[in-house]
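Computed from a predicted structure; not experimentally measured. We use all heavy atoms of the structure for the numbers below, so side chains are in, but hydrogens, waters and symmetry mates are not. In what follows, chains are A, B, ... by sequence order, proteins preceding strands, each numbered from 1.
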Amino acid sequence: LKEKHKILHQLLQNSTS
Amino acid sequence: NGDSPPTVSMAELDHLVQIISKSHLETCQYLREELQQMSWQNFLQDEVERYQSKPREVMWQLCAVKITEAIQYVVEFAKRIDGFMDLCQNDQIVLLKAGSLEVVFVRMCRVFDSQNNTVYFDGKFAGPDVFKALGCDDLITSVFDFAKSMCSLHLTEDELALFSAFVLLSADRSWLQEKLQVEKLQQKIQLALQHVLQKNQREDGVLNKLRCKVSALRSLCSRHTEKLSAFRAIYPDIVRTHFPPLYKELFG
């Protein structure tokens, strides 16, 4: 699932601003 | 076994309400004061006609961009909910894939003018006729009806924040790996929502009305998926090359 949702995964990894 | 509600102290509930309300206000895209400054300006007739005469694919692309922008704020909201980032990555993705558009529809009532049946879109307030070029009149009517019925509940920002979190943390989504953990979190959020409704002296029926909204949201989202599939069948290249990558990831 992570592989198919790279952008979402990246957004989740980014620290909250 | 997940059937019995978790034991939560009043202090813990108050803390949860505080955290989720703060997360909501920090990520709600438009503050109420900002919306008031826009003075509920409606599109003029020639502007409406300009949207109506756009090619179908151009209007679809515009709406996909607007939905994607709104979803990015929902992702930020999710990240700030106590316990969400403690879930496994698979479940974070599952919950956002299934629930982010639902939260966008919930949040829509903040930017909806019930009296004029208009919603804030692309800089002004737009009625359903603005979206005619999409070729999805029935879905658009349902989305507007949903926003109107959400508005009629007159939820406070606290109540809206908790209901959004409740929708997002739905433990019955397919493909969850740690269902029990999601269930516990959702039950806590439901207790916090009940707590706030009681504190705000809302009538007993509000929670039931909100539960009914959950199934309405699922129906709206599955109809969105159907419409997208029909559109993609005719314009596969437009979707592939012009739609936002995040939108394709979530709904493709």
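For the pair B/Arg240 and B/Tyr235, the cation-pi criterion (under 6.0 Å, within 45° of the ring axis) is not fulfilled.
Taking 4.0 Å as the cut-off between side-chain N and carboxylate O, B/Asp172 and B/Arg218 count as a salt-bridged pair.
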Report task. Before giving the answer on side-chain contact (heavy atoms from CB on, under 4.5 Å), spell out for B/Leu176 and B/Leu95 the whole-Å C-alpha distance, their side-chain angles and the decisive distance to 0.1 Å. Result -> CA-CA 8 Å; B/Leu176 285 173; B/Leu95 293 175; 3.9 Å; yes

Query - Worked verdict on B/Leu185 versus B/Asp82 for side-chain contact (heavy atoms from CB on, under 4.5 Å) - result: CA-CA 9 Å; B/Leu185 200 48; B/Asp82 242 16; 5.8 Å; no

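If you measure heavy-atom distances from A/Lys2 to chain B, the contacts under 4.5 Å come from both the backbone and the side chain.
Counting heavy-atom pairs under 4.5 Å between each of B/Lys248, B/Gln72, B/Gln92 and chain A puts B/Gln92 at the top. Across B/Leu96, B/Ile71, B/Leu250, the residue that shares the most heavy-atom pairs under 4.5 angstrom with chain A is B/Leu96.
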